[in-house]
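Single-structure report; data block below.
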2 protein chains.
Amino acid sequence: MAKSIKEIAQELNVSKSTVSLVINHKAQQARISKDLERRVLDYVAKVGYKPNSLAKSLATGRSNTIGLIVENIGDSFFGPFALYVEELLRKKNYHVLYSSTLGDPQNAQDIIDFMLEKKVEGILLAPTVNLDEHQRKILENKVPLVVFDRNSPEVATHYVHIDNGDSSRKACSYLQSIGCENFGLITIDSDQPQMLARKEAYLKFCEETGMKARILQLPYRRLRQKGIAAVRSWVSKNMDLDGLFFTTNYLCILGLKSLRTEGGEHFNFPLFSFDDHELFDILNPKISCIQQPLEPLAKTCVKVLLKEIDRGITSPKEYVISTNLIKR
Amino acid sequence: MAKSIKEIAQELNVSKSTVSLVINHKAQQARISKDLERRVLDYVAKVGYKPNSLAKSLATGRSNTIGLIVENIGDSFFGPFALYVEELLRKKNYHVLYSSTLGDPQNAQDIIDFMLEKKVEGILLAPTVNLDEHQRKILENKVPLVVFDRNSPEVATHYVHIDNGDSSRKACSYLQSIGCENFGLITIDSDQPQMLARKEAYLKFCEETGMKARILQLPYRRLRQKGIAAVRSWVSKNMDLDGLFFTTNYLCILGLKSLRTEGGEHFNFPLFSFDDHELFDILNPKISCIQQPLEPLAKTCVKVLLKEIDRGITSPKEYVISTNLIKR
DNA sequence: TATCTTTACTAATACGTTTTAGTAGAAATA
DNA sequence: TATTTCTACTAAAACGTATTAGTAAAGATA
């Protein structure tokens with residue numbers, strides 16, 4: 001069905017080398033006559049030759065594929081992010097081998113092994129916890145690695161991310177500017193660095209402004225079962241609250257559910273979320289938030305990774321993308 | 001860095017064949033002594049040998065990769081769907097090469113060419129318009145193809161989908177059962193077969209029950225700009241409406257925006273959506289819907305595709321997945 | 001002891017490409 | 001005319017694996 005270079009060569013009575021050179025636009029440098037070049041080109045077009053990219057990759061060592069590893073391709077952050085990445089890479093003639101780890105290090109292991117076997121030319125990774133060894137392994141294999149969204153402080157990699165502390169600070173100032181004098185923070189009981197940074201910035205803000213800090217840490221593991229009740233009871237114990245700052249969008253949604261009365265009316269103070277959500281623009285009251293700009297994030301990741309692939313691995317750098325404050 | 005079979009063979013003073021056979025668990029059938037087998041196995045484990053899957057694929061003709069082509073991996077249907085597919089395939093030791101066409105046939109062309117070059121063993125495709133030729137090309141290349149969600153009536157392929165007509169009918173009956181005697185349909189001005197089927201079923205329902213049919217067709221191309229106003233004016237011209245049936249979830253969301261008054265109160269009749277959405281469970285009033293069961297859908301797609309890969313291409317069949325009616 | 005079997009391997013070829021060194025013949029130089 | 005240079009190619013090796021036919025040595029059979 002699909003013809004090989006060998007067959008084409010035989011049918012044209014020339015050598016495989018000739019055909020290969022012509023196809024790869026090296027006819028000139030290899031002094032193939034214009035005449036023969038045309039003949040090959042025409043024939044190749046006529047039979048609709050498609051190179052076997054496995055063989056090609058084996059010979060050249062280039063797979064034209066990069067790996068994208070996220071926690072869950074189905075979620076509202078990684079899905080659209082992946083789309084941007086794909087678009088950007090398509091323009092550079094690269095394609096994406098993606099995988100979701102679902103937070104399971106064993107999955108991550110399998111995925112990375114598979115990608116290394118497939119000889120991806122670089123990997124874009126949003127690490128979940130306990131992926132230090134995995135990252136080291138990638139680097140040991142001399143495969144360029146760019147980490148985004150989160151990182152492991154223990155392992156030195158290129159790292160593209162937003163400034164969590166600064167963004168959190170902006171959020172606090174905004175709440176203050178719209179009249180909140182006693183707003184609390186609802187976060188998650190987890191030591192993900194980005195969550196810690198968001199909390200720290202809130203604490204610093206309190207210190208500076210003299211506002212009393214009130215923090216609720218929800219359990220990461222049994223959030224769905226315990227979260228709603230926890231928020232409800234905490235809020236009712238802190239009746240002087242006049243605003244809430246959630247450190248991520250799913251917490252904010254959970255908060256919404258918690259604070260709605262049976263009748264359907266809502267609480268009567270502003271909510272603010274870190275990370276946007278389709279919901280926030282539709283609900284009433286609308287919810288302001290810090291928005292991570294997906295496109296710049298994706299652009300930077302791709303640019304840095306391609307540079308590494310092109311010029312060889314360089315010493316790790318950080319790239320900080322600034323966030324938007326969406327007022328609603 | 002990464003050792004090859006050749007190097008391992010040299011270091012052990014045996015032939016490449018021996019190493020290869022042992023690695024592939026063919027030691028017994030090739031009468032390699034238990035002793036040597038152990039020696040090879042141990043050494044291979046010790047140096048952490050990882051096969052080069054490009055070479056492997058070239059030799060065996062199997063890439064252990066399947067292609068998944070959707071319109072937009074970032075959306076709330078395809079994203080989670082892709083996750084299921086990935087999970088299911090992981091168990092069978094397959095991986096996914098995915099791509100989003102964004103509805104552009106040229107993109108689709110590039111993607112398919114790339115996948116064929118990569119020697120994917122099968123393709124899972126949710127076709128957008130004008131992809132008939134593309135599908136034929138895949139089949140000509142003897143690559144198993146399973147089409148889902150939508151299909152092109154012009155080209156015969158395995159086709160996994162829900163029963164749009166029947167589901168739409170269920171929706172109508174449900175609205176009737178909760179007291180709606182004059183509900184309208186809001187759909188999109190496009191000839192996608194699934195949309196047509198949903199509309200037809202509504203019309204048939206009207207005919208059978210004697211209900212007056214009222215249909216608003218929104219413009220596919222300039223939906224965002226024109227949609228909200230169009231819904232608003234149409235509803236106000238049809239004051240006797242007592243329910244709305246949206247043929248897809250983004251239309252329903254658009255409807256929500258349209259029908260909300262400035263004060264934040266809602267219209268006072270039931271809304272029903274085809275396709276579920278995270279929102280519908282959270283909003284007040286909650287919105288009932290027809291839900292496409294992603295997991296069974298993904299399972300069937302994967303099962304059918306793997307069977308084709310295993311046993312060779314068979315004559316096209318249809319697989320209908322039944323939907324759920326979610327009452328809220 | 002000559003022949004057949006079995007055991008335990010290995011040599012060789014193939015997969016489809018890229019790439020480099022080589023070469024036959026023509027043309028130019030001395 | 002003998003040597004060098006150039007032209008237009010091609011042969012061969014390499015990438016890393018899988019697979020099949022083959023083989024030497026040992027053991028079994030007659």
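Proteins come first, then strands; the chains are lettered A, B, ... in the order of their sequence lines, and each starts at number 1. Note that this is a predicted model, so its numbers are computed, not measured.
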### Salt bridge present between A/Glu117 and B/Lys56 (N-O < 4.0 angstrom)
no
### Query
Hey, does B/Leu54 reach any base, or is it just sugar-phosphate, or nothing, if we go heavy atoms under 4.0 Å?
nothing
### Task
Take the C1' atoms of the five end pairs on each side of the helix from C/dT1-D/dA30 to C/dA30-D/dT1, get both axes, and report the angle to 10 degrees.
70°
### Task
Could you list by number each residue of residues 43-51 of chain A showing a heavy-atom separation from DNA chain C of less than 4.0 Å, or answer none if no residue does?
A/Tyr49, A/Lys50, A/Pro51
### Task
Ignoring backbone atoms, test whether B/Lys26 places a side-chain nitrogen or oxygen under 4.0 Å from the OP1 or OP2 oxygen of D/dT19.
yes
Quick one: which protein N/O atoms are closer than 3.5 Å to N/O atoms of nucleotides 25-27 of chain C? Pair and distance per line, please.
none

#### Entry: Test log, rule side chain to side chain donor-acceptor pair (under 3.5 Å), inputs A/Glu86 and A/Tyr98
CA-CA 10 Å; A/Glu86 184 186 354; A/Tyr98 89 90; over 6 Å; no
### Task
Kindly say if A/Asn24 contacts the phosphate of C/dT18, meaning a side-chain N or O under 4.0 Å from OP1 or OP2.
yes
### Query
Counting any heavy atom closer than 4.0 Å, what does A/Leu58 reach on the DNA or RNA strands: base, sugar-phosphate only, or nothing?
base
### Message
Heavy atoms only, 4.0 Å cut-off, all strands: where does B/Ser17 land among base, sugar-phosphate and nothing?
### Response
base
### Message
Could you check whether the side chain of B/Thr18 and the base of C/dA8 have a donor-acceptor pair of N or O atoms closer than 3.5 Å, going by distance alone?
### Response
no
### Task
Scan A/Ser20 against the nucleic acid and name what it touches under 4.0 Å (heavy atoms): base, sugar-phosphate only, or nothing.
base
